[in-house]
Amino acid sequence: MKPFTYVRPADAKAAIAAAGASGASFLAGGTTLVDLMRLEVMSPSALVDVGHLPLSQIERRGDGIRIGAMARNSDVATHALVVERYPLLAQALLAGASQQVRNMATVGGNLLQRTRCPYFRDPAVPCNKRAPGTGCSALDGYTRSHAILGTSSSCIATHPSDMCVALVALDAVVHTRSGGRDRAIPIGEFHTLPGDHPEVENALEQGELVTHVELPASPFAAHARYVKVRDRAAFAFALAAAAVGLDVADGRIRAARVALGGVATKPWRSLEAEQALVGQPPSRASFERAAAAAIVDPKPRRDNAFKVGLAKNTIVRALELAWGAP
Ligand SMILES: Cc1cc2nc3c(=O)[nH]c(=O)nc-3n(C[C@H](O)[C@H](O)[C@H](O)COP(=O)(O)OP(=O)(O)OC[C@H]3O[C@@H](n4cnc5c(N)ncnc54)[C@H](O)[C@@H]3O)c2cc1C
Ligand code: SF4
């Protein structure tokens, strides 16, 4: 690990000021950052610890909910408001990592976790995300875990988060604070596509602190499901995941949400699948049509072509479970 300065700011204002310096990085639970520092994939010159800041409340806000950026993943997953009103979020969080990691990991850190692309995590090989302009080792490498949606010729890495897939399906808004301003960023605009600059992964500026996430009232609590397909039951990232919600009235789907994980370069919402569901009866046939509509212009590579079919099957299964199929 390269040397760094440790800063424990008194409050959010001091944290933002300290993290505004080039090379500085916020530290929350450390489960991504410290790991990557040990590998010398990330080498911040200063760590600005924000884990102790009073930003961990989970509380009702109007018809919705507000979740502090320092709330631990385990606390969010088991909070009564989340379990009752946003079971999709609870399910997605519990599908991630392990209880020990969830006890440390924060909402802010989860939003900003880095890809698990093995080439990104190996400083000995080229990677445009880690070292811009060096090339992408995955393009001619082993691509089983890589993305089929949202890719570019510069990067095909998947976004690793389970939580963020649920947040996309739930229309979350990420609230941030920097120098003199507060921002509210819709989750769909928070993460960016790799394009020519895979090193840019989100809409944040240097020193901009995520303070909390807000979820609006959700009509999907009764019929929502997160399904994650992975190689083993713990400590495995998604090969494909689907977060879905159905709002059904008089035998027809009034509104739907379909978001995908494990197959795209950012948490992926499929408006095409949602449109295919609206107005239809909740049935296997309508779920299959929606799944077919969800995968638009995929770019599979040698080892991950199976994800096209797997993603569709995962959507169908999630919709069936959300609707109550055995
Ligand atoms: C063994 C293992 C298995 C895992 N499995 C899964 C899994 O299956 N699914 C899954 O989704 N995740 C998984 N994870 C990832 C885990 O969810 C993340 O590491 C965790 O959520 C990161 O949160 P943290 O608080 O520890 O962040 P940190 O490591 O402290 O920070 C991560 C990044 O976020 C930035 N940051 C943190 N807080 C803020 C803030 N408030 N504002 C601005 N920037 C901020 C930091 O600067 C850093 O760049 C796994 C991790 C491990 C170690
Ligand atoms: S896929 Fe992205 S993260 Fe992986 S090696 Fe290529 S540029 Fe790096």
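Because the structure is predicted, anything quoted here is derived from the model rather than measured. Counting from 1, the numbers follow the sequence of the chain as shown. Only this structure's heavy atoms are used, side chains among them; waters, hydrogens and symmetry mates stay out. Just so you know, ligand 1 is whichever comes first in the structure, and atom 1 is the first atom listed for that ligand.
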More than 12 non-hydrogen atoms from neighbouring residues, nucleotides or ligands closer than 6.0 Å to CG on D140, yes or no? no

Judged by atom type as modelled, is there a donor-acceptor pair below 3.5 Å linking the side chain of R130 to the main-chain atoms of Y119? yes

Atom 10 (C) of ligand 1: which of L53, D162, D35, L47 has the nearest heavy atom? D162

Give the atoms of ligand 1, by number and element, whose distance to some non-hydrogen atom of A236 is under 4.0 Å. 8 (O)

For E189, is there an ion pair with R183 - N to carboxylate O distance below 4.0 angstrom? no

Closest to atom 30 (O) of ligand 1 (judged by heavy-atom distance), picking from G30, A19, A95: G30

Return the option from M42, M163, E201 holding the heavy atom at the smallest distance from atom 49 (O) of ligand 1. M42

Using a cut-off of 2.8 Å, find all protein N, O or S atoms closer to atom 8 (Fe) of ligand 2 than that distance. C127 SG

Which residue in the set V165, L149, I148 passes side-chain contact (heavy atoms from CB on, under 4.5 Å) when paired with L260? L149

Identify, for atom 45 (C) of ligand 1, the protein heavy atom at the shortest distance, and state residue, atom and that distance. L112 CD1, 3.4 Å

Using non-hydrogen atoms of the residue, decide whether A92 is closer than 4.0 angstrom to ligand 1. no

List every atom of ligand 1 that sits less than 4.0 Å from any heavy atom of G96, numbering the atoms from 1 in the order shown and giving each element. 7 (C), 8 (O), 9 (N)

Would you mind checking which non-hydrogen protein atom is closest to atom 15 (C) of ligand 1, with the distance to 0.1 Å? Q113 OE1, 3.3 Å

With a 4.0 Å cut-off on heavy atoms, does R102 reach ligand 1? no

Measuring only between side-chain heavy atoms, which start at C-beta, is T314 closer than 4.5 Å to V263? no

Any N/O pair T31/ligand 1 closer than 3.5 Å: yes

The test is side chain to side chain contact (heavy atoms under 4.5 Å, CB included); show your working for Y6 and R8 and say whether it passes. CA-CA 7 Å; Y6 176 79; R8 187 177 162 88; 4.0 Å; yes

Atom 24 (P) of ligand 1 has as its nearest protein heavy atom G29 N, 3.6 Å

With side chain to side chain contact (heavy atoms under 4.5 Å, CB included) as the criterion, how do L277 and V244 come out once you've worked through the C-alpha distance, each side chain's angles and the decisive distance to 0.1 Å? CA-CA 11 Å; L277 287 165; V244 307; over 6 Å; no

Nearest neighbour in protein (non-hydrogen) for atom 13 (C) of ligand 1: F237 CE2, 3.3 Å

Protein residue, atom and distance nearest to atom 7 (C) of ligand 1, heavy-atom basis: A97 N, 3.1 Å

Contact check, side chains of N128 and E199, non-hydrogen atoms, under 4.5 Å: no

Strictly below 4.0 Å, N to O, side chains only: are D303 and R301 in salt-bridge contact? no

Can you sort out which atoms of ligand 1 are near S25, meaning under 4.0 Å from one of its heavy atoms? 47 (O)

Using a strict cut-off of 4.0 Å, indicate which atoms of ligand 2 neighbour a heavy atom of S154. 7 (S)

Ligand-residue contact atoms, ligand 1 with N110, heavy atoms, under 4.0 Å: 17 (O), 21 (O), 22 (C), 23 (O)

Identity of the nearest option to atom 25 (O) of ligand 1, non-hydrogen atoms only, from L204, T106, L33: T106

A student checking ligand 1 against M70 at a 4.0 Å heavy-atom cut-off should list atoms 41 (N)

Could you pull out all residues at least two apart from H212 that satisfy ring pair (Phe, Tyr, Trp, His ring centres under 6.0 Å)? H175

Tell me, please: is E208 in heavy-atom contact with ligand 1, that is, under 4.0 Å? yes

Under the side chain to side chain contact (heavy atoms under 4.5 Å, CB included) rule, what do I156 and N304 come out as? Steps first, then yes or no, please. CA-CA 11 Å; I156 59 170; N304 66 0; 5.6 Å; no

Selection residues 165-175 - residue pairs positive for salt bridge (Lys or Arg N to Asp or Glu O under 4.0 Å), sequence neighbours left out: D171-R257, D171-R269

Nearest heavy atom to atom 40 (C) of ligand 1 wins, so pick from L36, V210, L93. V210

With L215, the side-chain contact (heavy atoms from CB on, under 4.5 Å) member among V173, L81, V82, L89: L89

Does any N or O in the side chain of R66 come within less than 3.5 Å of the main-chain N or O of E214, such that one atom is a donor and the other an acceptor? no

Considering non-hydrogen atoms of the protein only, which is the closest contact for atom 27 (O) of ligand 1, and what is the distance? G109 CA, 3.3 Å

Would you mind checking which non-hydrogen protein atom is closest to atom 3 (C) of ligand 1, with the distance to 0.1 Å? F235 CD2, 3.7 Å

Using distance alone, with no hydrogens and no angle criterion, decide if N103 and Q100 have a side-chain donor and acceptor under 3.5 Å apart. no

Consider ligand 1: state whether an atom of it lies below 4.0 angstrom from any non-hydrogen atom of L209. yes

Taking atom types as modelled and ignoring hydrogens, do the side chains of E208 and T176 form a donor-acceptor contact shorter than 3.5 angstrom? yes

Any side-chain heavy-atom pair of Q91 and D162 under 4.5 Å: no

Protein contact of atom 46 (C) of ligand 1 - nearest heavy atom, named by residue and atom, plus distance: F26 O, 3.0 Å

Do any nitrogen or oxygen atoms of V101 come within less than 3.5 Å of a nitrogen or oxygen of ligand 1? no

Residues pairing under ring pair (Phe, Tyr, Trp, His ring centres under 6.0 Å) where one sits in residues 143-172, two or more places apart or in two chains, turn out to be H159-H191

Is P160 touching ligand 1 with its side chain, its backbone, both, or neither, if touching means heavy atoms under 4.0 Å apart? backbone

Ligand 1 atoms nearer than 4.0 angstrom to some heavy atom of S161 are 11 (O)

Determine whether a donor-acceptor pair (N or O, by modelled atom type, separation under 3.5 Å) exists between the side chain of H223 and the backbone of A322. yes

Please work out, at 4.0 Å between heavy atoms, whether the side chain, the backbone, both, or neither of S98 comes within that distance of ligand 1. neither

Residue, atom and distance of the protein heavy atom nearest atom 1 (S) of ligand 2 read I156 N, 3.3 Å

When clusters are formed by joining ILVMFWY residues with side-chain heavy atoms under 4.5 Å apart, either directly or through shared neighbours, do L170 and V76 land in the same one? yes

Any donor-acceptor pair under 3.5 Å linking the side chain of E201 with the backbone of Q113? no

Compute the minimum heavy-atom distance from K228 to ligand 1 and say whether it is under 4.0 Å. yes

